[in-house]
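Working notes for the structure below.
Excluded from the calculations below are hydrogen atoms, water molecules and symmetry mates; all remaining heavy atoms, backbone and side chain alike, are included. Since the structure is predicted, the reported quantities are computational estimates derived from the model, not experimental observations.
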Number of protein chains: 2
Amino acid sequence: MRHDPMKGRSVTGRVLAVLESFSADRTHLSLSDISRRTGLPLATAHRLVGELAAWGALERDDQGRYRVGLRLWEVAALAPRGLGLRELALPFLEDLYEATHENVQLAVLDGAEVVYVERISGRHAVGVLSRVGGRWPAHATGVGLVLLAHAPTEVQESFLTSPLAAFTRKTIVDPARLRRVLAEVRRTGVAVSDGQVTLDAVSVAAPVRGPAGQVVAALSIVVRAGTIEPPTLVPAVLTAARGISRAIKQAS
Amino acid sequence: MRHDPMKGRSVTGRVLAVLESFSADRTHLSLSDISRRTGLPLATAHRLVGELAAWGALERDDQGRYRVGLRLWEVAALAPRGLGLRELALPFLEDLYEATHENVQLAVLDGAEVVYVERISGRHAVGVLSRVGGRWPAHATGVGLVLLAHAPTEVQESFLTSPLAAFTRKTIVDPARLRRVLAEVRRTGVAVSDGQVTLDAVSVAAPVRGPAGQVVAALSIVVRAGTIEPPTLVPAVLTAARGISRAIKQAS
DNA sequence: CGGATCCTTCCATTCAGCGGAAGGGCCGTA
DNA sequence: TACGGCCCTTCCGCTGAATGGAAGGATCCG
């Protein structure tokens, strides 16, 4: 009898487990690493990894370690909610970036987290922890507040009944307070997130809408706290967000 | 006896076939589409697609059609030769873009083709056919000429003995002429590609080097033919390319 | 309303996938 | 130089995950 999590697991499931064994802080893994992280026996991992490498989903470097391959990135680049969205948005992100040289981000909601689809950062802009392809709990980000505010009610309720992670003393962790913040976001049309992820950053975010008016993404600018008054950033963020919404509509 | 291309094909191979059934001009596919394009029986396609969708490699839209999912994009975003390279390069690409507002591209070589890892295009810049995540035959592009010029000899020989596709009357299709062009690229350090993909575009490309000095990518600017003399673009392109090379070295 | 096409589900059969074991290679240390 | 530890590769008898034809329901369109 097998006493491992992979027992009875499909081949597809194992293949996907291999792919998800890579992370932002572990982009290069040995075969043994992959075996350990997935729970797959070495011989099994070897076979699956070999097939993925032959196709290009994985690549092997000079030290024999594996990394996510270009071929997988090419296929994944066809994701409408990933690069597809980013392609349409980029001119407007560039506009906002050139006007401010601050951090400009585009994100979508996935479950209880935002996934960053794009980020352009100025050299002197305040440091941000977001990473393209990375995730963050929605409640603690400007883009996340916008996306949650416009999410279906059941998504919001599910979120509000789960524990809210704190990153700084300013992170919103009280569900009642979060409800009020989300209502305010819906009312004003923008979210301001001050010091929720790092104390020195404040962001202003606005919704990006799909053809039917539904919110499909959110755009934000992140600046150093105490440098620019957030309300002064609202017109520019709204302008860029509306431009992206228009581009999405025209692409439908 | 099975009379289909999938007979004897591994599950991993079938899963990858499902993923590669999507293309830039077919980002949304029905289950039957996927079955036809992969050669998989409907029931088999249904099972595999269901597992991929459950994990997030595929998503299903409101009309029941499938598209590449965000989760796959997230994993693929960890590809060092994809977004990894792009993240390091972006500040320099932005510099070049802001200085010129023309098309700025970053590409890597994969076999006989270049894969575009990044592209920033100005609104009024000449139209380009490249697409992030897309491929193009190396010989017909500025970035490709740079990458081929610095590729291992066997890669170059293999390329030169294969038929060279023509896209315009200016596309280099004569192997002897291509040899001379590649030698010139090595000598001068940059490639100028004039009208090879479209007659109205001319590009200037320079190599991006890895920690050991090897050429790992190429950067280019693409402008409207007859507007800016290519040699005047060389310093800016070289500056940006060297900046990226330095960033790569520092990240190692 | 009927034909065409799509999608979902079932299940008897089968062969692709499994993974423990063995062996070779590499590296670091005594 | 030798040895221990760890990594990677390969083998192969066994078995259960995968298979896909068939059936049935749903949807769309002329």
Side-chain angles (χ1 to χ4, degrees), chain A residues 1-23 25-69 212 252, chain B residues 1-23 25-69 80 212:
Chain A
M1 186 193 289
R2 297 160 171 163
H3 288 294
D4 63 76
M6 283 294 167
K7 179 176 178 294
R9 189 68 180 275
S10 69
V11 176
T12 305
R14 294 166 178 230
V15 165
L16 296 171
V18 168
L19 292 180
E20 72 189 346
S21 62
F22 294 88
S23 62
D25 57 354
R26 282 286 198 284
T27 57
H28 291 74
L29 298 171
S30 68
L31 181 66
S32 295
D33 286 332
I34 294 172
S35 172
R36 279 190 291 270
R37 289 162 84 92
T38 58
L40 289 168
L42 209 57
T44 304
H46 185 262
R47 248 184 330 100
L48 296 179
V49 163
E51 286 196 80
L52 289 167
W55 185 83
L58 297 181
E59 292 169 353
R60 204 168 191 185
D61 69 17
D62 294 332
Q63 286 78 47
R65 294 196 306 161
Y66 294 93
R67 63 194 184 208
V68 175
S252 297
Chain B
M1 185 193 289
R2 298 160 172 166
H3 287 296
D4 62 76
M6 282 293 166
K7 179 177 178 296
R9 189 70 179 274
S10 70
V11 176
T12 305
R14 293 169 180 228
V15 164
L16 296 170
V18 167
L19 293 180
E20 72 187 345
S21 62
F22 293 87
S23 62
D25 57 353
R26 281 286 198 284
T27 57
H28 291 75
L29 298 173
S30 69
L31 181 65
S32 295
D33 285 332
I34 294 172
S35 171
R36 281 189 291 270
R37 290 162 84 89
T38 58
L40 290 167
L42 209 58
T44 305
H46 185 262
R47 241 185 337 99
L48 296 179
V49 163
E51 283 196 82
L52 289 167
W55 185 84
L58 297 180
E59 293 168 353
R60 203 167 192 186
D61 68 21
D62 295 332
Q63 285 78 48
R65 296 198 304 161
Y66 294 93
R67 62 192 184 207
V68 175

Step through the shown structure and confirm whether more than 12 heavy atoms of other residues, nucleotides or ligands are within 6.0 Å of CG on A:Asp62.
no
Scan B:Arg65 against the nucleic acid and name what it touches under 4.0 Å (heavy atoms): base, sugar-phosphate only, or nothing.
nothing
Rounded distance in Å - CG (A:Leu29) to P (D:dC8):
11 Å
Could you state the CD-C1' distance from B:Glu51 to D:dT19, rounded to the nearest angstrom?
13 Å
Start at the 5' end of DNA chain D and walk down; is the nucleotide closest to A:Thr12 or to A:Asp33 reached first?
A:Asp33
Gap between atom CG of B:Leu40 and atom CZ of B:Arg9 - 0.5 Å precision:
8.5 Å
In whole angstrom, give the distance that lies between atom CG of B:Asp61 and atom P of C:dC6.
16 Å
Would you confirm whether A:Arg37, through its side chain, and A:Ser21, through its main-chain N or O, come within 3.5 Å as a donor-acceptor pair?
yes
Picking from D:dT9, D:dA18, C:dG19, which would you name as closest to the side chain of A:Leu42?
D:dT9
Without decimals, in angstroms, what is the distance between A:Arg47 CZ and D:dT10 C1'?
12 Å
Point-to-point distance, once rounded to the nearest 0.5 Å, from OG1 of B:Thr12 to CZ of A:Arg47:
7.5 Å
Could you work out which one of C:dT8, D:dC7, C:dG17 sits closest to the side chain of B:Ser10?
C:dG17
In whole angstroms, the gap separating C1' of D:dC8 from CG of A:Leu40 amounts to 16 Å
Quick note, A:Ala43 side chain, CB onward, closest among D:dT10, C:dG17, D:dT19 is D:dT10
If only side-chain N and O atoms of B:Thr44 are considered, is one of them under 4.0 Å from the OP1 or OP2 phosphate oxygen of D:dG20?
yes
Round to the nearest Å and state the distance from B:Leu31 atom CG to C:dT9 atom C1'.
13 Å
Rounded interatomic separation in angstrom, taking NE2 from A:His46 and P from D:dC7
14 Å
Least distance between heavy atoms, B:Thr38 atom then B:Ile34 atom:
OG1-O, 2.7 Å
A:Ser32 side-chain N/O to D:dC6 phosphate OP1/OP2 under 4.0 Å
no
If you check every side-chain atom of B:Val11, which of D:dT19, D:dT9, D:dT10 has the closest atom?
D:dT19
Return no unless some side-chain N or O of A:Arg9 is found under 4.0 Å from OP1 or OP2 of C:dG17.
no
Distance in angstrom units between B:Leu48 CG and C:dA16 C1', rounded
14 Å
Tell me what A:Arg36 touches on the nucleic acid: a base, only sugar-phosphate, or nothing, going by heavy atoms under 4.0 Å.
sugar-phosphate
So does B:Arg14 get a side-chain nitrogen or oxygen closer than 4.0 Å to the phosphate oxygens (OP1/OP2) of D:dG20?
yes
